[in-house]
Amino acid sequence: MEFKRRNGGPLKVGATQAKRGKTNDDWEDSPSRFEEELSMFDEAEMETEEIEGQAGHDVIPVGDLFSADLNPRWRRPPAPPLNPSSDKLVFQQIDLDYYLGATVAGMPGQVQGNVPIIRMFGVTDSGNSVCCHVHGFAPYFYVQAPSGFTSDSLGDFKRELNSVVLKDMRSNKDNISVTVLAVDITRKENMYGYHGKRMLDFLRITMAMPRLIAPAKRLLEQGFKFGAFPMQGYQSYEANIDFEIRFMVDSDVVGCCWIELPKSKYRVREEKSMGVSLCQYEVDVGWTDLISHPAEDEWQRIAPLRVLSFDIECAGRKGIFPEADKDPVIQIASMVQRQGEKEPFIRTVFTLQSCASIVGSQILCFTQETQLLQSWAEFLRTVDPDIITGYNIQNFDFPYLLNRAAALKVKLFPYLGRVRVMKSVMRDLNFQSKQMGRRENKIINMEGRVQFDLLQILLRDYKLRSYTLNAVSFHFLQEQKEDVQHSIITDLQNGNEQTRRRLAVYCLKDAYLPLRLLQKLMCVINYMEMARVTGVPLTYLLSRGQQIKVVSQLLRQAMKQDLVMPVVRPEGGEDYTGATVIEPEKGYYSVPIATLDFSSLYPSIMMAHNLCYTTLLQKEDFIKTPTGDMFVKSSVRKGLLPEILENLLSARKRAKTELKKETDPFKRQVLDGRQLALKISANSVYGFTGAQVGKLPCLEISQSVTGFGRQMIEQTKQLVESKYTISNGYQAFFYIRKYSVMVKLGVATVREAMDVGKEAAEWISSHFTPPIKLEFEKVYYPYLLINKKRYAGLYFSGSADTHEKMDCKGIETVRRDNCPLVANLINTCLQRILIDRDPQGAVAHAKEVISDLLCNRIDISQLVITKELTRTAQEYAGKQAHVELAERTQSLCWRTRFPSTHNTTWSSSCPSLLSINMHVIVFLKSSQFSNFMGLAVD
DNA sequence: TTTTCTTCCTAC
DNA sequence: TTAGGTAGGAAGAAAA
């Protein structure tokens, strides 16, 4: 449903674009292309397998739906018997969490009370689901041992800490008697700062439950006295690590890796008596007995995961957004596909009231909405998907279903995870980061299943003008939704079985498109790659920020050297200075301009100069130098961060090499996604050190990085100026941006610019410490430099004969806060100027468009499309309001911004028609244009 | 009317 | 209980 996305809070993006598609009349003529596509699935399947019983559109008793005879595809393949004494169990783990539970006989760990148990969910090669309880791993953290501490003091320390933590508890509803399980002395070194590799005694404090870590840490920090030792505050280490991450780091498990339970090392739970999950295999294992396979060679494969995509329709009242306590759910379409296969093997719609059949899909009709809901939940549990997708399911479909089921008292509905007794409930989550702004989300627990809401993925990974399913599908698939206006959904439902069929086709397509997009964008594979590279669970990638990925890698690298990470108190400091952007010489250049880039500049600086927590010489320990911060060289100690970066970048290099060899377009996309993920990960290491409200900020590192960057830019400039002088036959001009140097070499052709550019890059690189490298990247010819961070040019990189594209940076054409008309207009003008070399043509075009605009000859949809406007307009007048409002007020927005207070009417804050006129003229008239091109604009 | 503050979005 | 960074252009709103 298109309008459902209004429901999701302030970040919600706009509604459908004004689409002038086929009218309702066209629709009845012939089956849509989507229907043909659906029927093809059926034909293809009939050729390969015997015809299966299809439930058709008869009303079937609910219980019978789930019989294997009627719907053989719904269940997973039968699980072969598993004998722990002779069989190993191998599965790909896709989700990991923990719970507090009673100990299981024969498993390691505390025997008394509730203990934390790690739970992994996964799938075997043969497609059987696994739930694996991992026992014996307890949470812990460190403090530095006070001087004079020996093993004799351990007892006192433990007893006293246990006592104060117990006393600190307001209520003890779990009846905990032991909070501190163990205290051990261990040799460790503080990761922060270089101290001559001096190992010290640390106390490793093991607690009974993860939630006891925070109070223990607090009490120790505040001041703690035990035995004969005086009162003292203790700095804690690694007390702020998520328990799941702690486990994964310690057991060398990374997200989505393959797990092997060797024979005779695990126990199988008999399904009926002991099992708590819906999985086909449920096993217990000690945490030291499981084998985690690094994602290499054969262990890079992906199990045949089941991906379910669904969409719901509800019958809202006219002009009112559907409310779960009032408006019924009338259809739920579902498609299920195995990861790696091309087509969904289950295509089904649950409908309220009868519905005519649709070839290629199964229709299940219900007379009672309660039955529909309950059966769909049962369907989901039977299909047992590993991944659930859809469009905005997180903030609309799932919440709506849960609320509706609650309103109708469908008691068995909200058990959607893989743990039988675990009810799925909805929580609100406010998530705020500088990167993504404020975001209000709902979260629904669904143990063992990964929710992969395509809208959330797109919001995270792609900058798009519009995030409606229709726009996104068109953008990536050149395909659109079935044409049904939401305003007629209720009418279709109240019609006959033919009108409900039409609705069902629409609903099916909305379930199908997310699957197609997921496939096209390689989301599952790319996210798995990211989980494997950074070591975090798959779900973290969608629910958490960037920091956790660096923390995970940092801890893994640190553990190898017995380094421990301190807990730092976030304190908002002053911003540090970043890179300088030199004022460019604005203008139009009709000669080739070579661009040389420092590739992965910040990561290379960190590697070249061994910048790390572990190599930082702190000023208290050493002489204070006025010049800045000091780090030891890699010959003394190699930093963790440089190591992490080397791993990431060498993995990226491998991916790029494979990419070059690969011819299959899909695999190319995977590899491209991987190399991009690795690049992003490498770049975020720098950001992590500069994140002042973060797990381990270190401004010495981040400002040294930017400092080196500035210095390098200056050095580069000097180098080029010394060699590429006019007297040497060049006429060097530089526009030095953050990482790149643009050089006007005084050569006439693109080929020469490329050759000289490459040579210059190599020569300059030789003056820097590896792996810092300046690379020739591209030639712009011609080149229009409007301002800092705003330019356009024809882009040559491979061939010197033809340009690859017209590259526009920072100009209206690439900004999403402009309406399409402006983007198109500027784009065409730039084409005239750069490609046709016809500035007068550009002016003529602009005049023409403006005249069209004045005479109302422009399609309204080109004018009013920005995110803010559609949202705001919607809030005022409901669906499609933007079109109606625009028509009513005849306001033509070329750029839209709205006051955060919604008191102002939007029409009054809409810029007048004059704005676009002025804007274009100002743009064309600006000195950089007219001066160089002799433009005359009246 | 001019200047400053705020917001948004992009480049890197 | 959670969050990568800074620089900078452009334009609207608020303040002067």
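Chain A is the first sequence line, chain B the second, and so forth, proteins listed ahead of strands; every chain is numbered from 1.
Side chain Lys789(A) to base dA7(C): a donor-acceptor pair is found below 3.5 Å.
Among the duplex regions that DNA chain C forms, those built from at least three successive Watson-Crick or G-U pairs under 3.5 Å are B:1-12 with C:5-16, ordered by first number.
Here Gly690(A) lies in heavy-atom contact (under 4.0 Å) with sugar-phosphate atoms only. As judged by a 4.0 angstrom heavy-atom cut-off over every strand, Val814(A) is placed among residues touching the sugar-phosphate backbone only.
Distance CD1 (Ile680(A)) to P (dA11(B)): 15 Å, rounded to an integer number of Å. Note: OH (Tyr791(A)) to P (dA7(C)) measures 19 Å, nearest angstrom. Taking atom CZ on Arg710(A) and atom P on dA7(C), their separation rounds to 9 Å, with Å as the unit. Between Asn240(A) atom CG and dT2(C) atom C1' the separation is 12 Å, expressed in whole Å. One can place CZ of Phe688(A) at 18 Å from C1' of dT6(C), the figure rounded to the nearest angstrom. Between the P atom of dG4(C) and the NZ atom of Lys549(A) lies a distance of 9 Å, rounded to the nearest Å. In this structure, Ile713(A) places its CD1 atom 13 Å from C1' of dA11(B), rounding to the nearest Å. Residue Leu601(A) contributes atom CG, which lies 15 Å from atom C1' of dA7(C) at whole-angstrom precision.
Side-chain atoms of Ser424(A) come within 3.5 Å of backbone N or O of Asn445(A) as a donor-acceptor pair. Remark: the backbone N or O of Ile548(A) is not paired with any side-chain donor or acceptor of Ser552(A) at under 3.5 angstrom.
You'll find that the side chain of Arg544(A) is closest to dT2(C), out of dT2(C), dG5(C), dG9(C). Proximity note for Val693(A) (side chain, C-beta onward) versus dG4(C), dA3(C), dC12(B): the nearest is dA3(C). Among the nucleotides dT10(B), dA10(C), dG4(C), the one closest to the side chain of Arg790(A) is dA10(C). Checking dA11(B), dA3(C), dT6(C) against the side-chain heavy atoms of Gln692(A) singles out dT6(C) as nearest.
Every side-chain contact (heavy atoms from CB on, under 4.5 Å) that Pro697(A) has, sequence neighbours left out, goes to Val568(A). Here Ser704(A) pairs with Leu611(A), Asp629(A), Phe631(A) under the side-chain contact (heavy atoms from CB on, under 4.5 Å) rule; sequence neighbours left out. Every residue meeting the side-chain hydrogen bond (donor to acceptor under 3.5 Å, both in side chains) condition with Glu238(A), not counting sequence neighbours, appears here in chain and number order: Arg246(A). Applying the side-chain contact (heavy atoms from CB on, under 4.5 Å) rule to Lys653(A) yields no partners; only residues at least two apart in sequence or on another chain are considered. Residues satisfying the side-chain contact (heavy atoms from CB on, under 4.5 Å) test with Gln711(A), not counting sequence neighbours, are Phe708(A).
An OP1 or OP2 oxygen of dG9(C) is reached within less than 4.0 angstrom by no side-chain nitrogen or oxygen of Lys809(A).
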